[in-house]
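Residue numbering restarts at 1 for every chain, and letters A, B, ... go by the order of the sequence lines. Computed from a prediction, not measured in an experiment: that's the story for all the values here.
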Amino acid sequence: MTGLGDAIIVTINLAAVTTVCLVVLATPLAWWLSRGHGLVRDVVTAVVALPVVLPPTVLGFYLLVAMGPNSPLMVVLQPFGVRTLNFTFAGLVIGSILYSLPFAVQPIRNAFEAIGALPFEVAATLRASPWDAFWSVALPQARKGFLTAALLVFAHTVGEFGVVLMIGGAIPGKTEVVSIRIFQLVEQLNFAGAHWLAGGLLVFAFVVLLALLVIERRIGRAVRD
Amino acid sequence: MKPILLSLALLVCAGQASAGDVQVAVAANFTEPAKAIAAAFQKKTGHTVTQSFGPSGGFYSQIQHGAPFEVFLSADAERPTRLEAEGLGVKGTRFVYAFGTLVLWSAKPGFVDNQGAVLKGRYDHLAIADPAAAPYGVAAVETLKKLGLYDQVAPKIVKGTSIAQAYSFVSTGSAELGFVALSQVINEKGGSRWVVPKTYYTPVDQQAILLKPGVKDPAAKAYLDFLRSPPAIAIIKSYGYEVK
């Protein structure tokens, strides 16, 4: 059972870093997607949704190749002493960001769309710049979407397995996350250990989903009031 | 979980009830020779072989939970022995089909020297198979300990779930070098290698065993007989294994 704490810490770190990065990255994307229609936006929407339907092994395979030392992407980083991003925490963050992208973009986009055009027209008549309107109208109104996105991304990253299995290399304290640890415990026939971790994840996932429902109801009411 | 696995197993059984097909679980290091042996076996007997490739530890766990394999080609002696003791393997059908050889390998030519001194040098990642599930991983760890390098090298170790994943890490260059099975690189012209002396690790005596689901299948018995016959032994040796 050694290294269990390490695996839990790595998992929480990975989920936290991914959540922060994704909310920051997904906000402008979701905003742009919510501000109109057209073929370009449809294409981008479909690309963003790909990780929902693709097997994690497809993503993992492409990442393994793209972050390997022979990839053109890595040639750019080699002068900085980075040979490969596989088997690194940074590599796992990149993988997790791609893997959870739809879970961040979709709720935020929905929240933006739900605001409608009216509040922005009002803001414009009050001579607010679009930038100002975005900060003082869009973001506060869409806070439920942000909270949902953050919770979903965090939980989804904790539940990640296939991508990490393919690019992680299971380095204790660096890339070995809880889901990988469970897999190893089962292979080692350590079912007691596997039960503890699996049970823990089960409770965690349930609490997150329950929290989502409660938040949805509370904030929904607060917005209406 | 058990009922689900069981019903899945039944489903698979029902789907492949046709006579003359053997379901074999093959340790990842033996993938290439197993394919060649299956082809030769099929040609000779007309029976088909359905093969699954993976880490021995994973298969052992699956077999314990009702996996429908008829024959298990493990990468070690321990797991078949345990299966026999637990009544999941058929008594008296266990035998060593190959002795494996460990190799330190790199996709880069000239990187690995023929003493393994490169292990003390500069590199970021050393790939091995997960020692918890794969005997070649155990052999790799034993070798590092024998060289007195384990503690020094440990932070650089990346673990593949099987020897096959360790090999893929090295062949894509993501890990500069790694411990793999000789069978995986024997037909590989490029790269550089050090065949680890047998005195550095406990012999990887790979055992085969007939499992309970195959007890009434003549094709399964025929497969095991074929595995011990001169044509199969010739194939096994051609991949760098020893057969006694």
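Scanning all heavy atoms of the two residues, the minimum distance from Pro69(A) to Gly173(B) falls at CG-O, 2.8 Å. For the pair Leu165(A) and Thr161(B), the tightest heavy-atom approach, listed with the atom from each and the gap, is CD1-CG2, 3.3 Å.
Atom CZ of Phe61(A) sits in a sparse spot, with 12 or fewer heavy atoms from other residues, nucleotides or ligands closer than 6.0 Å. Heavy-atom neighbours of Phe111(B) CZ from other residues, nucleotides or ligands within 6.0 Å: above the threshold of 12. Around atom CH2 of Trp135(A), no more than 12 heavy atoms belonging to other residues, nucleotides or ligands sit under 6.0 Å away. Shown here is Tyr62(A), whose OH atom has no more than 12 heavy atoms of other residues, nucleotides or ligands within 6.0 Å.
In this structure, OG on Ser168(B) lies 7.0 Å from CE on Met166(A), to the nearest 0.5 angstrom. How far CZ of Phe191(A) is from NE2 of His65(B): 4.0 Å, rounded to the nearest 0.5 Å. Here the CD-NZ distance, from Gln184(A) to Lys159(B), works out to 5.0 Å after rounding to the nearest 0.5 Å.
When heavy atoms are compared at a cutoff of 4.5 Å, Ala166(B) does not approach chain A at all. With a 4.5 angstrom heavy-atom cutoff, Pro155(B) touches chain A only via backbone atoms. No part of Phe59(B) comes within reach of chain A, as not one of its non-hydrogen atoms sits under 4.5 angstrom from that chain. For chain B, no part of Leu85(A) is nearby; none of its heavy atoms comes within less than 4.5 Å. Of the atoms belonging to Gln62(B), not a single heavy atom falls under 4.5 Å from chain A.
When Ile167(A), Val65(A), Ile180(A), Thr84(A) are compared by the number of non-hydrogen pairs under 4.5 Å with chain B, Thr84(A) comes out ahead.
Ring geometry for Phe169(B) versus Phe87(A): interplanar angle over 60°, hence perpendicular rather than tilted (30 to 60°).
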